[in-house]
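First up is the structure itself, then whatever we jot down about it.
As the structure lists them, so they are numbered: ligands from 1, and atoms in each ligand from 1.
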Amino acid sequence: MDYVETSGGKWELVIGLEIHAQIISNSKLFSSAPTRFGAAPNENVSFVDAALPGVLPVINSFCVDQAIKTGLGLNGCINLVSSFDRKNYFYPDLPQGYQISQYKHPLVSGGYVEIEKADGSRRKINLERIHMEQDAGKSIHDQSATKSFIDLNRAGVGLMEIVTKPDMRSAEETSVFLRKLRSILRYLGACDGNMEEGSMRADLNISLRRPGGELGIRAEIKNVNSIKFLAAAVAFETARQIEILESGGKVDQETRLFDSATGETRPMRSKEDAQDYRYFPEPDLPPLVLDPARVEAIRRTIPELPDAKAERLRRDYDLSHYDAAVIASEKEIADYYEESLKHANADDKDMAKTLSNWLLGDLFALLNKHGKSIVDSHISPKNLAELISLIKTDVISGKMAKDVLEIMWENRRRPADVVEEKGWRQITSSDEIEAVLRKVLEEHMDKVAEYRGGKEKLFGFFIGQAMQKTQGKANPATLNEILRKLLNE
Ligand code: ADP
Ligand code: MG
């Protein structure tokens, strides 16, 4: 167990998350306005989103399918009858004056996400529920000294609110959970998980208690808009609450705002109760009743998810536990790997392993160096597979392949073309290599004597000389073998 220890004793951290995930859909949850990101302000606004009198919401059936798919992908129970409620509050960018949400009867109950921590231990993080609701618009305060602007493009966009049980016990567990959840949502194609653009937002509920004791009073932290900031927010909040508790005080149940510039949280408002929102059943929408056949049809569309994929990569290709997990952790990486396998001889386990090594090693290093993600790689999956084939068929050595890869990145050419152009074909002919080696030994008779006298580390010197004479093109294995033979003559 992860405990926080101070001079005042041990504390256990308790964290629950409320995640707002924007549903991938061309139109909004209750209107036909488009959802395209980056449109001009107020371009994507229908009469419904602007809450003009006399308009009525109509549920977007695709959004419902997306939420069902998410519920199934997260092991939840799909409620065949759910319903919408009005959550009343004022926001300048919420024209209705209320948000249509699901309160008493959510679409999904329960569910869980299995996480794996750095030490290899696994845990289930349970979910309370998943419900659908509308997003609000945006108020913009930094474009004028005297005016605020309102952009309603986001108003009415469909969200899934995913609520966890208070099951996380450390910042690490929380960030591993968020990464895993984001990965699953992307695999499902239900949410793009882009925290920077705000299409996935997490509110952090934190409290502390004595190990195994009763749950403490929590604070809710808003605005933690990247996984990177999460650890800072948790650390600050843990220290703040422990200080209050150890001096005999009580933590206020309040909503706090995280400031990424200072790494601190500060009070935003005292915690509102459900009754403050005056929830009541949404009169403009009938209950959402699902045909079980619809749920089953959606279940069949669920793709292979990260855990299953990692398991299959381990089983089919003998990939290490870690490598398989990294490849499966992001859909784009897995897609790249599987695409390149198609161009390689995928039945060859050794090929699959070498591909994985080059992907996670050299290609990842290049991506890092150029600040690119895998989808922007200058090296296509097919070209990577071809490069590995050139190594496997002894056309080039692994060492030469590193240089070829660099050039492939620069000019996006096929590896065979690069090798041809540079005249980088590996010398594999034993006769040719033996001739070079004989020459090297002749030129360094003194060193040969020293070697035979026991100075064995000169072996590397001869290899170096031979490599120089062949511009690094001699096949290393053959070179080693023949040199050993000649020296033992
Ligand atoms: P709301 O914030 O809307 O009032 P809930 O009471 O259902 O809703 O809780 C919301 C979140 O807070 C959930 O993720 C839950 O796991 C978490 N939570 C509840 N109690 C605690 C607690 N004592 N410490 C930490 N997290 C908590
Ligand atoms: Mg809340």
Note: ligand 1 atoms sitting under 4.0 Å from heavy atoms of Val163 are 13 (C), 14 (O)
Tyr279 atom OH: more than 12 heavy-atom contacts under 6.0 Å:
yes
Do the side chains of Glu406 and Lys369 get close enough for a salt bridge, i.e. N-O under 4.0 angstrom?
yes
Point-to-point distance, once rounded to the nearest 0.5 Å, from CD of Gln22 to SG of Cys191:
7.0 Å
Any atoms of ligand 1 less than 4.0 Å from a non-hydrogen atom of Leu17? List them with their elements.
14 (O)
Would you say ligand 1 has an N or O under 3.5 Å from any N or O of Pro166?
yes
Could you list which atoms of ligand 1 come closer than 4.0 Å to a heavy atom of Lys165?
16 (O)
Run down the list Asn205, Thr255, Asn126 and name the one with the heavy atom closest to atom 26 (N) of ligand 1.
Asn205
Heavy atom to atom 5 (P) of ligand 1, shortest distance: which of Arg218, Glu161, Lys87 holds it?
Arg218
Using atom types as modelled and distance alone, determine if a side-chain donor or acceptor of Asn126 lies under 3.5 Å from a backbone N or O of Tyr112.
no
Numbering the atoms of ligand 1 from 1, which are under 4.0 Å from a heavy atom of Gly216?
23 (N)
Can you tell me how far OG1 of Thr164 sits from CG of Leu181, rounded to the nearest 0.5 angstrom?
9.5 Å
Going by the order shown, which atoms of ligand 1 are within less than 4.0 Å of some heavy atom of Glu220?
2 (O)
Thr164 heavy atoms, cut-off 4.0 Å: which ligand 1 atoms fall inside?
13 (C), 14 (O), 15 (C), 16 (O)
Without swapping roles, check the side chain of Ser101 against the backbone of Tyr103 for a donor-acceptor pair under 3.5 Å.
no
Heavy atom under 4.0 Å from ligand 1: found in Val14's side chain, backbone, both, or neither?
both
Are Glu254 and Arg256 ion-paired here, with the side-chain N under 4.0 Å from a carboxylate O?
yes
